[in-house]
There are 2 protein chains.
Amino acid sequence: MTSEALARALNTNPVVVRRLMGGLREHGYVHSEKGHGGGWTLSCQLDQVTLRDIYEALDAPRLFAIGNRSEETECLVEEAVNHAMSSVLADVKAQFLACFGQITLAALHADFHQRLAARHGPTTLCK
Amino acid sequence: MTSEALARALNTNPVVVRRLMGGLREHGYVHSEKGHGGGWTLSCQLDQVTLRDIYEALDAPRLFAIGNRSEETECLVEEAVNHAMSSVLADVKAQFLACFGQITLAALHADFHQRLAARHGPTTLCK
DNA sequence: CACTCTAGCAACACATGAAGTTACATGAGA
DNA sequence: TCTCATGTAACTTCATGTGTTGCTAGAGTG
């Protein structure tokens, strides 16, 4: 599948697709080929890869929209708050990764097929 | 304490302080007075208010930097991914609130004083 | 009554970061 | 050699949170 086709399906731009897929390629989850007949191919077992793997392959983008204003501070009040905050966010992030680590692509694949079967009417694929 | 003094201590702007404190006032955690000698006063028991209360009084700002691109979609793949994602984020947010709900302002207050005692040299307050 | 000091608030400006776009280079078939 | 694909850098756009200005209203002071 080409970046162009993926971009159309995802309602985005081929370059954005390449940027994202680049991370997945570095981890061996997909493979890309240039030139005629090129594009992206899957190169992993769906039951061996989790959302956590994907998240990390995508360079673990920032998870929280909140956080400490600064790590280094002179202010002892800020220090106390930062300490409490950091500790909570670290715990919560760990739980997040654990959850994502439980969800395999195979599970999503199965869920998709269930939804497809449940849908009435003609079964047109996403775009 | 005036918004102006708080803003100096927090390295920000009086208007920003008022915006934030407004949320706390609505929940009765602080009280404000206009005019000469006015400003902000605490009006709650520190051991009765948690970070969760503060977070919610501040209108529960967006917690995650990631999330579904859109809630409504035609695409069954996106639907499956959204479902998995939403479920994880909801669980994780619940844990976040639970943690924040355990941390009272009194605890932060105590932590601050411990840091103050532990600090060598003269004890100058934050600004 | 005039003056000053304070919060309240709306409207605007700025900063940051994510997402999208353009342009060009590189490699692989036809 | 032409076309089709990825790779990548640089730039633009957009969304969101933060900061700023300007004004109103209320409360004490002289």
Side-chain angles (χ1 to χ4, degrees), chain A residues 1-43 54-71 73 75 78 81-82 85 89 127, chain B residues 1-44 54-73 75 78 81-82 85 89 127:
Chain A
M1 200 163 188
T2 65
S3 305
E4 214 275 327
L6 280 168
R8 244 180 298 121
L10 296 169
N11 284 315
T12 182
N13 190 286
V15 178
V16 175
V17 171
R18 289 188 195 113
R19 274 210 283 256
L20 292 173
M21 299 294 276
L24 302 185
R25 185 187 48 223
E26 283 172 20
H27 287 254
Y29 302 140
V30 295
H31 172 75
S32 68
E33 270 184 48
K34 288 181 171 180
H36 245 98
W40 300 91
T41 48
L42 203 56
S43 59
I54 304 293
Y55 174 75
E56 286 168 346
L58 261 31
D59 247 7
R62 198 164 54 102
L63 178 58
F64 298 110
I66 63 173
N68 300 343
R69 277 175 76 98
S70 63
E71 289 311 320
T73 175
C75 176
E78 187 175 1
V81 174
N82 281 355
M85 179 89 107
L89 292 187
K127 295 248 156 140
Chain B
M1 203 164 184
T2 66
S3 305
E4 214 276 327
L6 281 167
R8 246 181 295 123
L10 296 168
N11 283 316
T12 182
N13 190 288
V15 178
V16 174
V17 171
R18 288 186 198 115
R19 272 210 282 257
L20 294 173
M21 299 292 276
L24 302 185
R25 183 188 48 222
E26 282 173 21
H27 287 253
Y29 303 141
V30 295
H31 172 77
S32 68
E33 272 185 47
K34 289 180 170 180
H36 243 101
W40 301 91
T41 48
L42 202 56
S43 60
C44 65
I54 302 294
Y55 173 75
E56 286 168 347
L58 262 30
D59 246 4
R62 197 163 54 101
L63 179 56
F64 298 110
I66 65 175
N68 300 345
R69 274 174 79 98
S70 62
E71 290 310 321
E72 278 308 304
T73 176
C75 176
E78 188 176 0
V81 174
N82 280 355
M85 180 87 109
L89 292 187
K127 295 250 159 128

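Worth knowing before you read on, the calculation uses all heavy atoms, side chains too, and leaves out hydrogens, waters and symmetry mates. Letters A, B, ... mirror the listed sequences (proteins, then strands); counts begin at 1.
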Of all residues at least two apart in sequence or in a different chain, which pass the side-chain contact (heavy atoms from CB on, under 4.5 Å) check with A:Ser32? A:Arg25, A:Trp40
To the nearest Å, give me how far apart CZ (A:Phe64) and P (C:dG17) are. 18 Å
Residues passing the salt bridge (charged side-chain N to carboxylate O under 4.0 Å, His left out) test with B:Glu56, sequence neighbours excluded, are B:Arg52
Once salt bridge (charged side-chain N to carboxylate O under 4.0 Å, His left out) is applied, do any residues pair with B:Glu4, and if so which ones, sequence neighbours excluded? B:Arg8
Inter-residue atom distance B:Leu89.CG - B:Asn68.CG, 0.5 Å rounding: 7.5 Å
B:Thr73: partners by side chain to side chain donor-acceptor pair (under 3.5 Å), with sequence neighbours left out: B:Glu78
Sequence neighbours excluded, the answer for side-chain contact (heavy atoms from CB on, under 4.5 Å) partners of B:Leu20 is B:Val16, B:Leu58
DNA chain D contacts made by residues 54-62 of chain A, counting heavy atoms under 4.0 Å: none
From B:Glu72 atom CD to B:Asn82 atom CG, the distance as rounded to the nearest 0.5 Å: 9.5 Å
Under 4.0 Å from a heavy atom of chain A: give me the 5'-most and 3'-most nucleotides of DNA chain D that qualify. D:dT3 to D:dG19
List for me each residue that meets side-chain contact (heavy atoms from CB on, under 4.5 Å) alongside A:His27, sequence neighbours excluded, and say none if there are none. A:Tyr29, A:Ala57
Using a 4.0 Å cut-off on protein heavy atoms (strictly under), produce a 5'-to-3' string for nucleotides 19-30 of chain C with B for base contact, S for backbone-only sugar-phosphate contact, and - for none. -BBB---BBBB-
For A:Gly39, answer base if it contacts any base atom (sugar-phosphate contacts may also be present), sugar-phosphate if it contacts only those atoms, and nothing otherwise; contact means non-hydrogen atoms under 4.0 Å. sugar-phosphate
Quick check for you: to the nearest 0.5 Å, what is the distance between B:Glu26 atom CD and B:Asp59 atom CG? 7.5 Å
My understanding is that only residues two or more places apart in sequence, or in another chain, count here; which of them pass side-chain contact (heavy atoms from CB on, under 4.5 Å) with B:Thr41? B:His31
Walking DNA chain D from its 5' end, the first of A:Ser32 and A:Gly37 to be reached, judged by nearest nucleotide, is A:Gly37
